[in-house]
Undergrad: 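Handing you a structure now.
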Amino acid sequence: FEGEFARYIGSKHCIGVNSGSDALVLALQAAGVNPGDEVILPSHTFIATADAVLRNGAVPVFADIDPETYCMDVNSLAGLITPQTKAIVPVHLYGHPADMGPLMEVAEEHGIVVIEDACQAHGAEYHGKKVGSIGSIGCFSFYPGKNIGAYGDAGCLITDDPDLSNRLRMLRNYGQKEKYLS
């Protein structure tokens, strides 16, 4: 499944996890978000996005949303970035892609990692590219009510970065590279 989903999204690596919520938590950990760091996310999203920030001991900073798409308003980012800002988490809500082009420009200008919450947007595209494959890490949920549902909770992370992929695989497995080694 990991290989097929990575190909579908257009990314090199897919790491399966037990839920979209844990995908968000692990993505922030793998990206080096530490307690006290700030993470910018939209003010309108499912609670799991902010909860992932809090579970990492970081501080959620809420950006305005675009009233047409309900996604993060990129124009509100500049005034929210501080030296403590370590990540931006755009949420592709209700299948609407966030405005990723300008968002990525702001992130690159400030050296901030972008983690896409694509838990509600399987297959959505932004300028011909599937969401989840634009930032450093994309997070997906396969909860039964999602576009692609499992028989219970499930999720995954997408990345093109082999180092992030290795880090994420270890984080999902108690820091081990392989299971059941003595």
Undergrad: According to a 4.5 Å side-chain heavy-atom criterion applied to Ile, Leu, Val, Met, Phe, Trp and Tyr, with indirect links allowed, do Leu77 and Ile112 form part of one hydrophobic cluster?
TA: yes
Undergrad: Could you check Leu157 against Val17 for side chain to side chain contact (heavy atoms under 4.5 Å, CB included), going step by step and ending with a plain yes or no?
TA: CA-CA 8 Å; Leu157 301 110; Val17 293; 3.7 Å; yes
Undergrad: If Ile, Leu, Val, Met, Phe, Trp and Tyr residues are connected whenever their side-chain heavy atoms lie under 4.5 Å apart, and connections chain through other members, are Val89 and Val33 in the same group?
TA: yes
Undergrad: Begin with the C-alpha distance, continue with both residues' side-chain angles, and end with the deciding distance and a verdict on side chain to side chain contact (heavy atoms under 4.5 Å, CB included) for Ile137 and Leu164.
TA: CA-CA 8 Å; Ile137 303 172; Leu164 281 175; 3.8 Å; yes
Undergrad: State which residues pass side-chain contact (heavy atoms from CB on, under 4.5 Å) with Asp64; sequence neighbours excluded, sorted by chain then number.
TA: Asp73, Ser76
Undergrad: Please determine whether residues Phe46 and Ile40 belong to a single hydrophobic cluster, defined as Ile, Leu, Val, Met, Phe, Trp and Tyr linked transitively by side-chain heavy-atom distances below 4.5 Å.
TA: no
Undergrad: Got Val59 and Val53 here, is their nearest side-chain heavy-atom distance under 4.5 Å?
TA: no
Undergrad: Sequence neighbours left out, what pairs pass side-chain hydrogen bond (donor to acceptor under 3.5 Å, both in side chains) with at least one residue falling in residues 40-52?
TA: His44-Tyr94, Thr45-Thr49, Thr49-Asp117
Undergrad: List the residues meeting side-chain contact (heavy atoms from CB on, under 4.5 Å) with Asn18, not counting sequence neighbours, and say none if there are none.
TA: Asp22
Undergrad: side-chain contact (heavy atoms from CB on, under 4.5 Å) with Lys129: which residues, sequence neighbours excluded?
TA: Ser133, Ile134
Undergrad: Give every residue pair that meets the ring-ring contact (aromatic ring centres under 6.0 Å, His included) criterion with at least one member in residues 10-37, sequence neighbours excluded.
TA: none
Undergrad: If you take all heavy atoms of Ala87 and Leu28, which pair is closest and at what distance?
TA: CB-CD2, 4.3 Å
Undergrad: Can you sort out the partners of Lys130 under salt bridge (Lys or Arg N to Asp or Glu O under 4.0 Å), two or more places apart, ordered by chain and number?
TA: Glu125
Undergrad: Tell me if a side-chain donor or acceptor on Glu116 pairs with a main-chain N or O of Gly132 at a distance below 3.5 Å.
TA: yes
Undergrad: Would a 4.5 Å heavy-atom cut-off, applied to side chains only, mark Gln84 and Val61 as touching?
TA: no
Undergrad: Partners of Asn173 by side-chain contact (heavy atoms from CB on, under 4.5 Å), sequence neighbours excluded?
TA: Gln176, Lys179
Undergrad: Taking atom SG of Cys71 and atom CG of Leu93, what is their separation to the nearest 0.5 Å?
TA: 6.0 Å
Undergrad: Check the pair Glu38, Thr82 against side chain to side chain contact (heavy atoms under 4.5 Å, CB included), reporting the backbone distance first and the verdict last.
TA: CA-CA 8 Å; Glu38 294 177 354; Thr82 72; 2.7 Å; yes
Undergrad: Would you list the atom pairs, donor with acceptor, under 3.5 Å between side chains in residues 95-104 and any protein atom, with sequence neighbours excluded?
TA:
| residue | atom | partner | partner atom | Å |
| --- | --- | --- | --- | --- |
| Asp99 | OD1 | Tyr126 | OH | 2.8 |

Undergrad: Give a yes or no answer on whether the side chain of His122 reaches the backbone of Ile9 with a donor-acceptor pair at less than 3.5 Å.
TA: no
Undergrad: Would you please name every residue forming a salt bridge (Lys or Arg N to Asp or Glu O under 4.0 Å) with Asp66, sequence neighbours left out?
TA: none
Undergrad: Between Ile65 and Val74, is there shared hydrophobic-cluster membership here, with clusters defined by ILVMFWY side-chain heavy atoms closer than 4.5 Å?
TA: no
Undergrad: With sequence neighbours left out, write down each residue that passes salt bridge (Lys or Arg N to Asp or Glu O under 4.0 Å) with Glu105, or none if nothing qualifies.
TA: none
Undergrad: For the CD1 atom of Ile15 and the CD1 atom of Ile158, what is their distance to the nearest 0.5 Å?
TA: 7.0 Å
Undergrad: Of all residues at least two apart in sequence or in a different chain, which pass the ring pair (Phe, Tyr, Trp, His ring centres under 6.0 Å) check with Phe1?
TA: Phe5, Phe142
Undergrad: For Thr159 and Ser136, indicate whether the former's side chain and the latter's backbone hold a donor-acceptor pair under 3.5 Å.
TA: yes
Undergrad: Honestly curious: do Leu80 and Val106 fall in one hydrophobic cluster under the side-chain, below-4.5 Å linking rule?
TA: yes
Undergrad: Start with the C-alpha distance between Arg172 and Leu26, add both sets of side-chain angles, then the distance that settles side chain to side chain contact (heavy atoms under 4.5 Å, CB included), and finish with yes or no.
TA: CA-CA 7 Å; Arg172 78 168 174 189; Leu26 295 178; 4.1 Å; yes
Undergrad: So do Lys86 and Asn34 actually touch side chain to side chain, heavy atoms under 4.5 Å?
TA: no
Undergrad: Sequence neighbours left out, what passes salt bridge (Lys or Arg N to Asp or Glu O under 4.0 Å) with Arg169? Give chain and number order.
TA: Glu2
Undergrad: With side chains defined as the heavy atoms from C-beta onward, is the minimum distance between Pro60 and Val39 less than 4.5 Å?
TA: no
